[in-house]
Trainee: 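First the structure, then my questions, so here it is.
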Amino acid sequence: MSEYRWKDLLDINSKSKAYLSPLSCIAHIDVNAFFAQVEQIRCHYNVEDPVVCVQWNSIIAVSYAARKFGITRMDSVFDALKKCSNLVPIHTAVFRKGEDFWQYHDDCGSWHTEEEKRLTPEKFKVSLDPYRRESRKVIKIFHEWCDMVEKASVDEVFLDLGRNVFATLLLGDEVKGFESIRDQFKNGEYELDDYLPTVPRDLDIQFDPGDYNPENEFVFQDWDDVLFCLGSKITDKIRQQIIDVLGYTTSCGIARTRTMAKLGSNFKKPNAQTVIRNRNIGYFLDNGSFELTSFWSMGGIMGKELSTLLELPKEKPLRYIRESWPMASSDVKAFMKEKIAMLADDTERSFNLSDEQCQQLSEKIFLLARGDFKMPMNPRPMIRSMMSNKNLRGESCRHYQDCLAWLEVFSGELIGRIKELEQEYERIFIPKTMTISTRTPGFQRHSRSSGLVVGGRIKAKDLMELGTRLTKELDTKFGNTKDYYPLTNINMVISNFEILETGRTIVDMFGRQTQVIRKSGDDFVKPSDNHSNSDDCEIKRTLRCEPCDMDFETELSFKEHTDFHYAMRLSESLNGATEDSKNLSYGERRLLFSSAKRPAKTSQQGPSKKSHSQKKSDIYKYFSK
DNA sequence: TACTCACAG
DNA sequence: GGCTGTGAGTA
């Protein structure tokens with residue numbers, strides 16, 4: 001008989017409960033040496049070419065081909081060239097001081113170029129935009145497969161595969177051998193607290209690729225083994241699609257919890273996956289030379305201090321934790337908590353933890369060492385602020401004019417990032433506050449902030465104007481004092497975003513809803529990430545546009561329609577009512593829109609100077625995707 | 001709200 | 001090691 005119950009299995013079909021189930025199936029996937037791969041693909045090299053991604057003279061990402069030569073992120077380009085004369089160093093895109101767009105300068109890298117062509121921090125600022133763009137493409141693929149995707153950083157995600165594996169096991173018929181449990185499920189022949197039946201012996205599946213099974217255990221002992229196997233086949237397909245469509249190799253870990261999945265993805269690189277089955281957790285942790293500091297959030301001071309406090313041995317420290325506190329009962333945790341608190345007091349370390357925090361911490365360590373620390377998938381919090389920052393060396397910002405030149409860069413970068421956000425969330429973001437900060441050679445900080453008032457969407461010009469004013473204020477106040485110039489840092493922060501929802505805005509325009517605008521706030525999450533109400537049910541509602549007397553079948557077509565209205569209104573408010581917008585039917589107008597295509601994607605942004613017609617197509621560009 | 005610190009990549 | 005970003009804690 002299985003050690004799991006029906007409710008454990010059913011829970012993984014619920015977005016809110018899945019991660020808590022003992023049968024949960026979580027994946028962590030990261031793109032190998034992401035920046036290096038982006039550059040490799042962009043410049044048409046292949047996996048065997050030793051590409052490195054460069055910033056000034058430093059290497060910020062090393063492809064696996066280059067790692068074979070012993071090159072690391074610590075090396076300078078010159079060091080790396082000594083290790084590998086065929087090295088392919090590719091510099092990141094950069095903004096030039098005084099310009100508000102970024103560009104690649106593939107003909108003038110920073111290693112063997114004449115002085116005047118060299119990319120230096122005095123005249124340029126690195127742009128990470130290309131990586132954010134590629135990241136979005138990758139994330140999009142994950143969303144096509146999985147209903148819970150958490151973007152953990154620009155190059156890694158967590159996936160809750162609960163619904164995927166549940167469906168493969170109980171709803172599909174691809175895999176033979178599950179007929180009996182499927183019938184039982186379909187006919188409702190079970191109680192939630194009943195144990196699941198024994199796993200059939202004659203399953204028509206192979207646990208490959210990725211199974212971590214060093215002790216050569218019988219593969220399908222229980223349903224968790226089966227589910228991980230199904231999950232690994234899904235991630236294998238996802239990863240293959242990423243290779244096929246975008247060309248990037250990834251590493252993947254699959255396990256019961258996020259922390260274990262993350263250790264798994266790091267286990268084999270590049271282009272590999274590792275499944276840490278529940279029965280192998282202890283073996284994996286003890287024989288993979290893992291310690292407390294291996295876990296996410298324990299990598300810094302906290303993990304080191306705790307290891308010392310708890311007197312963890314060098315050998316198999318996690319096994320030591322498991323064996324020192326062998327039971328999960330609350331008094332054992334209380335004991336451990338006490339020990340942490342006691343040691344913290346005794347040794348007068350940098351700890352200052354409340355009783356509550358000690359309790360939580362001990363609980364966390366207890367669970368981490370057992371690969372059982374469960375964390376929910378988090379919807380990405382809505383943006384609060386956005387910064388464009390430049391550390392300056394030498395004389396590159398000696399007076400007011402220099403500041404303005406960097407402001408151009410900041411304005412361009414921030415506008416670009418707002419556009420990215422707007423595409424990702426299908427919302428309009430309007431910052432209401434701007435801060436300009438500077439740092440003097442004596443590391444003194446000064447800042448000025450002010451409200452940003454603009455009608456409609458923010459433009460680079462708006463940022464530039466306010467930025468100029470604030471910089472002027474700073475210059476007037478401090479510019480004449482000694483030790484202000486040359487600045488060692490200057491940055492622009494925009495915050496306090498007003499977030500317009502395109503669909504709702506237009507609906508409101510026609511008086512069907514009261515809520516138009518939602519301010520940026522804690523409760524704002526992307527609809528597809530909104531776990532609370534998307535759980536197991538769907539709400540059907542009628543989608544109708546009164547003014548046009550039209551009904552819509554799908555959310556998508558309705559949204560398209562309302563976006564059309566919105567864009568038209570926006571266009572009118574900016575350009576005045578046009579013939580286009582006055583007398584055409586919806587169908588005719590729609591044709592106008594779809595024929596206004598976004599320019600083909602290029603590897604660089606155009607300068608911001610635009611003719612009138614280009615300005616107009618900007619509006620179209622946004623909505624014609 | 002502004003600032004610092006810890007942590008991550 | 002330079003750079004960017006986030007969340008928690010603090011005043």
Side-chain angles (χ1 to χ4, degrees), chain A residues 28 30-38 52-62 72-80 91-95 110 119-122 124-132 135 150-158 251 258-259 262 265-266 269 292-306 350-354 356-357 360-361 375 378-393 409-410 413-414 417 420-421 432-437 439 443-451 488-496 522:
Chain A
H28 178 265
D30 72 54
V31 186
N32 304 312
F34 183 45
F35 291 9
Q37 280 207 81
V38 170
V52 292
C53 177
V54 172
Q55 162 180 96
W56 318 139
N57 288 323
S58 311
I59 292 176
I60 57 174
V62 189
T72 73
R73 268 164 50 111
M74 294 293 116
D75 291 320
S76 70
V77 179
F78 308 108
D79 296 340
H91 201 282
T92 63
V94 290
F95 291 90
S110 55
L119 300 176
T120 66
E122 282 75 35
F124 297 92
K125 172 173 164 36
V126 164
S127 171
L128 302 180
D129 234 60
Y131 313 120
R132 286 192 280 262
S135 178
E150 178 180 331
K151 179 178 174 178
S153 77
V154 72
D155 65 352
E156 56 184 325
V157 293
F158 288 98
S251 285
R258 294 166 44 130
T259 46
K262 173 130 173 114
S265 70
N266 199 33
K269 292 179 165 192
L292 194 57
T293 52
S294 308
F295 294 110
W296 189 84
S297 79
M298 290 287 156
I301 300 165
M302 176 64 91
K304 282 196 192 72
E305 294 278 284
L306 274 175
S350 53
F351 277 111
N352 188 11
L353 299 171
S354 70
E356 169 89 10
Q357 285 169 322
Q360 283 171 6
L361 201 52
M375 293 252 294
N378 299 316
R380 201 145 70 93
M382 191 41 65
I383 184 93
R384 288 183 181 287
S385 68
M386 209 182 261
M387 176 169 68
S388 184
N389 180 62
K390 177 67 185 166
N391 288 329
L392 304 154
R393 344 176 165 172
V409 171
F410 299 156
E413 172 162 48
L414 292 175
R417 289 181 51 193
E420 295 276 308
L421 264 194
K432 293 294 179 191
T433 310
M434 173 189 291
T435 307
I436 298 288
S437 315
R439 195 182 62 201
F443 272 64
Q444 290 251 292
R445 289 171 196 282
H446 300 290
S447 67
R448 280 292 176 278
S449 51
S450 171
T488 57
N489 175 279
I490 180 165
N491 65 59
M492 178 187 285
V493 177
I494 52 180
S495 56
N496 217 341
D522 295 340

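So you know, we letter chains A, B, ... as the sequences are listed, proteins then strands, and number each from 1. The analysis underlying the following values was restricted to heavy atoms, covering all of them including side chains, and did not include hydrogens, waters or symmetry mates.
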Trainee: Heavy atoms, side chains only, cut-off 4.5 Å: are A:Phe35 and A:Val154 in contact?
Mentor: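 The answer is yes; the side chains approach within 4.5 Å.
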Trainee: In B/S/- notation, 5' to 3', how is nucleotides 2-7 of chain B contacted by protein heavy atoms closer than 4.0 Å?
Mentor: ----SS
Trainee: With a 4.0 Å cut-off on heavy atoms, is A:Lys262 in touch with a base, just the backbone sugar-phosphate, or nothing at all?
Mentor: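 Contact class for A:Lys262: sugar-phosphate only.
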Trainee: Quick one: closest heavy-atom pair of A:His28 and A:Asp30, and the distance?
Mentor: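 For A:His28 and A:Asp30, the tightest heavy-atom pair comes out as CE1-OD2, 3.8 Å.
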Trainee: Could you measure the distance from the OG atom of A:Ser127 to the CZ atom of A:Arg132? Nearest 0.5 Å is fine.
Mentor: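 Between atom OG of A:Ser127 and atom CZ of A:Arg132 there are 6.5 Å.
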Trainee: Would you say the side-chain atoms of A:Ser58 and A:Gln55 include a donor-acceptor pair closer than 3.5 Å?
Mentor: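 Short answer, no.
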Trainee: Nearest 0.5 angstrom please: A:Arg439 CZ to A:Thr488 OG1, how far?
Mentor: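 Reported to 0.5 Å precision, the distance equals 3.5 Å.
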Trainee: Closest heavy-atom contact between A:Ser265 and A:Ser251?
Mentor: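 Reported closest heavy-atom pair: O-CB, 3.3 Å.
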Trainee: Do the rings of A:Trp56 and A:His91 sit parallel, tilted or perpendicular, given the 30° and 60° boundaries?
Mentor: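 Rings of A:Trp56 and A:His91: tilted, as their planes differ by 30° to 60°.
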Trainee: How does each nucleotide of nucleotides 1-9 of chain C score, in 5' to 3' order, for protein heavy atoms under 4.0 Å: base (B), sugar-phosphate only (S), or none (-)?
Mentor: BSSSS-S-S
Trainee: Hey, could you give me the CZ/CG distance between A:Phe158 and A:Asn378, rounded to the nearest 0.5 Å?
Mentor: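 Answer rounded to 0.5 Å: 10.0 Å.
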Trainee: In this structure, how many angstroms lie between the C1' atom of B:dA8 and the CZ atom of A:Phe35, rounded?
Mentor: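 Value for this atom pair: 13 Å.
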